J.: 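Sharing a structure, written as structure tokens. Questions coming.
Below, chain A is the first sequence line, B the second, and so on; all start at residue 1. These numbers were taken from a predicted model, which means no experiment stands behind them.
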Protein chains: 2
Amino acid sequence: MITFAQAFELFACQVLPASLTDAAHLRFRSLAILRQLVHDASLEIGEDGQQIVYVARGATKLVAHASQSRDQIVAFHFAGDVFTVPEPDNYSYSVSALRDSDILTFASTDFLALAAGEAGVLQYLLENTTLSLRRCREKTIALGRKNARERLAVFLLAMAERIGVEQDGRVGLDLPMSRRDIAESLGLTIETVSRQLTKLRDERVIETLGRSGIVLLKPSLLRGRAGFMREAA
Amino acid sequence: MITFAQAFELFACQVLPASLTDAAHLRFRSLAILRQLVHDASLEIGEDGQQIVYVARGATKLVAHASQSRDQIVAFHFAGDVFTVPEPDNYSYSVSALRDSDILTFASTDFLALAAGEAGVLQYLLENTTLSLRRCREKTIALGRKNARERLAVFLLAMAERIGVEQDGRVGLDLPMSRRDIAESLGLTIETVSRQLTKLRDERVIETLGRSGIVLLKPSLLRGRAGFMREAA
DNA sequence: CGTCTCATTGAGCCAGCTCAAATTAGGTGG
DNA sequence: CCACCTAATTTGAGCTGGCTCAATGAGACG
């Protein structure tokens, strides 16, 4: 659990240009709202319109709710990530904590009005949005064209890149999300996720340590199973 | 077929703020490259890194290529749209013309360097990227959690919103894309797309006119089949 | 060390895929 | 304007990967 001051300081260092005036700095500060989410707590995004979210500490999932409690996890975010949550339209969205997390939220319209004069902030936001878009497109490819085995390979590689710890060719992962979360992110069921992980273990591609630990023994093997583009012309 | 001058003029009116100096205007102009694509022609995005694309005329698809010629259509874009194409990494991307099209491309790094001082341009770009992201997330939800029938409903409603012509409660569509394109966009096969359209026709939800004409007889009926959020708490 | 939730494993089913054939829209040339 | 040609689409039949339902196993925490 961290204080508002600490959270905003992290945000400012990362997002606001050093050249920003104290007055502008304070205006941004007045827009920020700190949300402290314990494990599994979730923040519904509703009336206040599109939100800009900064993860100061922890790990979160962005969930879209469709009919009949069919939920799709749209993205995972970790400490330091900035992302946008749409206002509800055909779907409603929420941000949930995978671990205890502290996040700052800003009403998008207010934030953008304030950032309009600050090219540096806009650029930072644009870069992050473009990154979110690239990741979302890659997820689209996985969900549209890949089978369960490939989706798991893609997922593990993506997590390795974001929260993996490399040690002599192997990559250690401490996954903050449950099998259910993985399934809801990949458009599969928990049973299928479990079966595919078992298969990868049997094939000596990964090792598992309890519920959350996974070691990628040979990332290159996984890459071969991810269905990425090869030497296409 | 339009000239470079015409295409850039369209772009400038829409994207560049009126207040922009002539000098800056000319610098943007010098970055633009006009690509004239006849029906089915495609533009591979390769060495030059991330691109920013403006569709001056026509209709295009953004295709991601995975292994074994499994292609996923990531988005459709129509005249006036601005979007970003990632540089190749795990997948390679291309832009193809559904109809004869004229598009302007900009190397993203150059464009952003130039736009760094122009908050208006950055804002416009950010808005468009956020819109692309929202659409991509909705596609993710469709591909992750919806069956074929729902995906078709979502697709038709999205197209109705973007290129539909409403007339007393019905919406007319002249789809520029083939069944194969629809299938590659929705993560289905052309056979499944065809069968679902036939079913919708049998159920008097749509009418078809030749290959490309579709009339939504009762958009509200389609909305009911799209698996959107209902009165969820 | 009990308990509770999460994860794994098993068995059978079905939506959408694959392969194959028939039909038709829409251009093309006479 | 019409007959023809070709590729796109539709329709049919059977198969299968991942889902559903059900039971068992195993971490985590008091």
J.: When you compare the side chain of A/R225 with that of A/L200, does any pair of heavy atoms fall below 4.5 Å?
T.: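 They are in contact (side-chain heavy atoms under 4.5 Å apart), so the answer is yes.
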J.: With DNA chain D as reference, determine whether B/R195 or A/L188 sits nearer its 5' end, using the nearest nucleotide of each.
T.: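 Closest to the 5' end, via its nearest nucleotide, is B/R195.
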J.: Counting only side-chain heavy atoms from C-beta out, which of C/dT5, D/dC19, C/dT9 sits nearest to A/T189?
T.: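 Minimum distance to the A/T189 side chain belongs to D/dC19.
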J.: Which is true for B/G187 with a 4.0 Å heavy-atom rule: it touches a base, it touches only sugar-phosphate, or it touches nothing?
T.: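 The answer is sugar-phosphate, as B/G187 gets under 4.0 Å only of primed atoms, P, OP1 or OP2.
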J.: Is a salt bridge present between B/R99 and B/D40, judged by a nitrogen-to-oxygen distance below 4.0 Å?
T.: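 Judged by the 4.0 Å cut-off on N to carboxylate O distance, B/R99 and B/D40 do not form a salt bridge.
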J.: Rounded to the Å, how far apart are B/I190 CD1 and C/dG16 C1'?
T.: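 Distance check: B/I190 CD1 to C/dG16 C1' gives 14 Å.
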J.: Considering only C/dT18, C/dT8, D/dC21, which nucleotide approaches the side chain of A/E191 most closely?
T.: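 Nearest to the side chain of A/E191 among the choices is D/dC21.
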J.: Give, for atom CG of B/L222 and atom CG of B/L157, the distance between the pair rounded to the nearest 0.5 Å.
T.: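 So the gap between those two atoms works out to 5.0 Å.
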J.: Return the value, rounded to whole Å, for the distance between atom CD of A/E150 and atom C1' of D/dG18.
T.: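 Atom CD in A/E150 sits about 14 Å away from atom C1' in D/dG18.
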J.: Could you say whether A/R201 or A/R211 is positioned toward the 5' end of DNA chain C, judged by the nucleotide with the nearest heavy atom to each?
T.: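 Here A/R211 is the residue nearer the 5' end.
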J.: Using whole Å, what does the distance between atom C1' of nucleotide D/dG18 and atom CG of A/L143 come to?
T.: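 Checked: the CG to C1' distance equals 14 Å.
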J.: Counting only side-chain N and O atoms of B/S194, is one of them less than 4.0 Å from OP1 or OP2 of D/dT11?
T.: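 No, outside the criterion.
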J.: Between C/dC14 atom C1' and B/R149 atom CZ, what is the distance in whole Å?
T.: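 Distance, rounded to whole Å: 16 Å.
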J.: Answer yes or no: is there a side-chain heavy-atom contact under 4.5 Å between A/F83 and A/L131?
T.: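 A side-chain contact under 4.5 Å is absent here.
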J.: Please state how far atom CZ in A/R179 lies from atom C1' in D/dA28, giving the value in whole angstrom units.
T.: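 From A/R179 CZ to D/dA28 C1': 15 Å.
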J.: Rounding to a whole Å, what distance do you find between B/N147:CG and D/dC19:P?
T.: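 Interatomic distance, CG of B/N147 to P of D/dC19: 13 Å.
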J.: By nearest heavy atom, map B/M177 and A/A148 onto DNA chain D; which one lands nearer the 5' end?
T.: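 So the residue in question is B/M177.
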J.: What is the distance from CG of B/L209 to P of C/dT24, rounded to the nearest Å?
T.: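 Taking CG of B/L209 and P of C/dT24, I get 16 Å after rounding.
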J.: Is the phosphate of D/dA8 approached by B/S178 (side-chain N or O, under 4.0 Å from OP1 or OP2)?
T.: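 So the side chain of B/S178 is outside the cut-off, no N or O lying under 4.0 Å from OP1 or OP2 of D/dA8.
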J.: Whole-Å distance between D/dT6 P and B/D40 CG?
T.: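 That distance rounds to 19 Å.
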J.: Heavy atoms, side chains only, cut-off 4.5 Å: are B/I214 and B/L156 in contact?
T.: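 Yes, their side chains come closer than 4.5 Å.
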J.: Of the nucleotides C/dA25, D/dG18, D/dT10, which has the atom closest to the A/Q196 side chain?
T.: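 Closest nucleotide to the A/Q196 side chain: D/dG18.
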